[in-house]
Structure formats: C-alpha cells, structure tokens
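Proteins get letters first, then strands, A, B, ... in listed order; numbering begins at 1 in each. The basis for the numbers below is simple: all heavy atoms, side chains too, and nothing from hydrogens, waters or symmetry mates.
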There are 2 protein chains.
Amino acid sequence: MNNEIKELVDRYIAVSFMVNRTGENLIKNEVGSTLTNDQHYTLRYIHGAHSCTSTELAEVFAVKKSAITAIISRLWEKGFILRTRNEKDRRVVYLSLTEKGERLFLETETKIHKLVESFLNEFEQAEIQQFIQTYEKLNKILIERKEVELEECL
Amino acid sequence: MNNEIKELVDRYIAVSFMVNRTGENLIKNEVGSTLTNDQHYTLRYIHGAHSCTSTELAEVFAVKKSAITAIISRLWEKGFILRTRNEKDRRVVYLSLTEKGERLFLETETKIHKLVESFLNEFEQAEIQQFIQTYEKLNKILIERKEVELEECL
DNA sequence: AAATATAGTTTCACTATTGAACTATTTAAG
DNA sequence: CTTAAATAGTTCAATAGTGAAACTATATTT
C-alpha cells in the first residue's frame, strides 16, 4: 500500500478526532448550562428551517426518531419549542421555536459565531477559503457514500 | 461586521457539524457491534501509547476521570484491557491492551483505514495535503485557546 | 372494508458524562 | 516524625443521547 497515503490517513484520523473533541468542548462552554450541544444543534436546525418535523430531524442528524422525540421533549419542557399538529395530515407534528427559544438560540449563536470567527481570523483568508471548500467537497463525498450504503440495504 | 467572514463562519459551522455526524456514523458501521466509537478511540489511544493512565486519557479526551473509569471498566469486562498497578506509586494504574484487545483494535483499525483512504482518494493529493495541513494548524490554535482558558480559571 | 404504510411516542436497556463523596497512597509542612 | 494537603483512581446518583421494539393514531392502498 502507498505509504504516503497511509501517512495522510493517519494524520487525518488523528487531527479530525482532536479538533472535534476540542471544538465540541469549546461550544459547550459557550452554550452554557441551559442547553446541551445536541439541544443547541436542534434549535439551530429548527431556526434555519423555521419549521420542520421529527422525521426530518432524524434524517439530518442520522439518528432514530425516538432519539429526536427525547431531545424535543426536553426542549419542549423548558419552553423553547412549539409542537403544532398539521390539520391536513394529523399524523405529522410541526416543530418551531417559541419566542424564548428564538431568543436563546440567537444569544448562544452570537457567542459561537464570535468564537469561530476568532480562530478563523488567525488564518489568511485564502487559506481558510480553500480549507472550507475542500471540507465541503468532503461532505458531499460522505453524503454520496451514505446514500450508496442505504441503497445497498434494499 | 465583515460580511465575507460571516459567510465563512456560517459555512464552517454547517460543514463541520455535518462531516462530524456523518463521519462518526460511518465509523460506527465499521467498528460494528462489539465496540462503541468512544471505546474504539480509547483502544486506539492506549495502542498508540502502549501504556497510559486514566488521568492521561481524561486529559486527552477532555472529560472527567470518572467518565474514563466507566469506559475502561466496560472494556475491561470484555477482556480488552489490562490494569496494572505501579509498584513505585501504588496510586497509579497502568492501562494496556490484552492480546484480544490488540487483535480487535487492529482489525477495526484496518477497516477504518480503508474507509478513510477510500474517500481521501477522491481528492488530488495536493489538495488533501493542504487540507490536512490547515486542519492541523487549526488544531494547534484550538489547543492554545484551551490552555489560555485553563489559565484564566485560576 | 380490510390490509398496509407512515408519523410520532413510549418504554426499556445501555453508554457516556458530571459532580460529589470516598479510599488509598504519596508528598509537604510544621 | 506526625499531621495536613495533594494526587490517582473508584463509586454512586443523576441526566442526556441512543436504538430496538411495541404501540397509537391517522392516511393510503388494495
């Protein structure tokens, strides 16, 4: 096997693990004690979509619907989320943010933005541009891979 | 605030979230039913260090020592890990892999290597080289940031 | 009308995590 | 030397996230 590639793979595995860990921890510091990271990501998605369903969240986060129900219920208990039945199809429940949820998300989002900005600023703009571009390409490849695997499961 | 940077920050947040999620899920598929991802990462670290302590693992993974005790105990129950008391300082316990643990790690590691290699191969070597280099730089910045925050807590 | 599919929930079992109390051991101070 | 403080690791209770399976309610297909 090509040795150069082996080295790249090793480096990728090591660095992606560390950056994820550290990044998640930094976010936890910002998100603070009101929310967990997963709860914050959930608010983020609903905020971006304005309104969505559990099934949609389960697909995006790649977990089972029962996992989503649990997260949503906790957010709902804290008053951050609204559950609205679709009157056309009474099986589906639309999820959206309450005033309180919206406010909390925007607050923490600002903090996270400043955090991410502060370390992206330590790079040349061109370098970070290139980095994110490759990162997005990687994302596409991973998504395709996932779709192929799903098809194989038929 | 600079609008170009805001866009980069948004893209970074979105793509890093998605790649992490998808990546973790792909690894879960490879690691299979014998181990969780965290357990695999733990085996990986111990394998690389040959031998280490709980305190060391807690620092690297950025979690409390009680979290490590739990993971290690599960791995120990399954016979993947050896706990050896240091005779010079009887408080410390050295962790190492059993034959069985070593074998399991190498098997799953090979699979993960192939997986990572398969998608890194979809890039030009130069592009992925640059990507990993920037990623590593980011890692350094994050580590420095963490150290600064730790000092502030004094 | 009956069978099947879909959206979401509930329950159970398990893993990861923190914080606090605790044991055993080592190091530092008086 | 003895006591006080520090360190390594464990235990325990509580909380969050997760998947699997059974379940409810509603919609679609046959």
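- Near-neighbour residues of DNA chain C inside residues 14-25 of chain A, defined by a heavy atom below 4.0 Å, number-ordered: R21(A).
- Contact check of residues 68-85 of chain A against DNA chain C (heavy atom, cut-off under 4.0 Å) returns T69(A), R83(A).
- Under 3.5 Å, the side chains of S118(A) and R145(B) contain a donor-acceptor pair of N or O atoms.
- By the 4.0 Å N-to-carboxylate-O rule, E87(A) lies close enough to R90(A) to be salt-bridged with it.
- The CG atom of L95(B) sits 12.5 Å away from the CH2 atom of W76(B) when rounded to the nearest 0.5 Å.
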Can you tabulate the close N/O pairs, meaning under 3.5 Å, that link protein atoms to atoms of nucleotides 4-7 of chain C?
| unit_1 | atom_1 | unit_2 | atom_2 | d |
| --- | --- | --- | --- | --- |
| dT6(C) | O4' | R91(A) | NH1 | 3.4 |
| dT6(C) | O2 | R91(A) | NH1 | 3.0 |

Quick one: side chains of residues 47-58 of chain B, donor-acceptor pairs under 3.5 Å with protein atoms, not counting sequence neighbours, listed by atom name and distance.
| unit_1 | atom_1 | unit_2 | atom_2 | d |
| --- | --- | --- | --- | --- |
| H47(B) | ND1 | E102(B) | OE2 | 3.0 |
| T53(B) | OG1 | E56(B) | N | 3.2 |
| E56(B) | OE2 | Y45(B) | OH | 2.7 |

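- No continuous path of ILVMFWY side-chain contacts below 4.5 Å connects I71(B) to Y94(B), so the two sit in separate hydrophobic clusters.
- Results of the side-chain hydrogen bond (donor to acceptor under 3.5 Å, both in side chains) test with T134(A) over Q130(A), E136(A), K137(A) single out Q130(A) as the only residue that passes.
- Nucleotides of DNA chain D lying under 4.0 Å from heavy atoms of chain A occupy a range whose first and last members, 5' to 3', are dA16(D) to dA27(D).
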L138(A)/Y12(A) under side chain to side chain contact (heavy atoms under 4.5 Å, CB included): CA gap, chis, key distance, verdict:
CA-CA 12 Å; L138(A) 178 58; Y12(A) 177 80; 3.6 Å; yes
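- Each of I143(B) and L115(A) belongs to its own hydrophobic cluster when Ile, Leu, Val, Met, Phe, Trp and Tyr are linked at side-chain heavy-atom distances under 4.5 angstrom.
- If you check residues 38-46 of chain A against DNA chain D, the residues with a heavy atom closer than 4.0 Å are D38(A), Q39(A), listed by number.
- If you take CG of N37(B) and P of dT15(C), they are 14 Å apart, rounded to a whole angstrom.
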Decide yes or no on ring pair (Phe, Tyr, Trp, His ring centres under 6.0 Å) for Y135(A) and Y135(B), but give the supporting numbers first. CA-CA 10 Å; Y135(A) 215 167; Y135(B) 215 168; 5.8 Å; yes
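- Between D10(B) and R44(A) there is no salt bridge, since none of the side-chain N atoms of the basic residue sits less than 4.0 Å from a carboxylate O of the acidic one.
- Looking at heavy-atom distances under 4.0 Å, S66(B) makes contact with a base.
- Checking side-chain atoms of N20(B) against main-chain N and O of N20(A) turns up no donor-acceptor pair under 3.5 Å.
- The backbone N or O of L35(B) lies less than 3.5 Å from no partner atom in the side chain of K78(B), so there is not a single donor-acceptor pair.
- Residues Q129(B) and R11(A) share a closest heavy-atom pair of NE2-NH1, 3.8 Å.
- For the side-chain hydrogen bond (donor to acceptor under 3.5 Å, both in side chains) test with N37(A), the passing option among E24(A), K28(A), E30(A) is E24(A); the others fail.
- Of the residues near DNA chain D, V63(A) and R90(A), the one whose nearest nucleotide (by heavy atom distance) lies more toward the 5' end is V63(A).
- A distance of 12.5 Å separates NZ of K140(A) from CD of E122(B), quoted to the nearest 0.5 Å.
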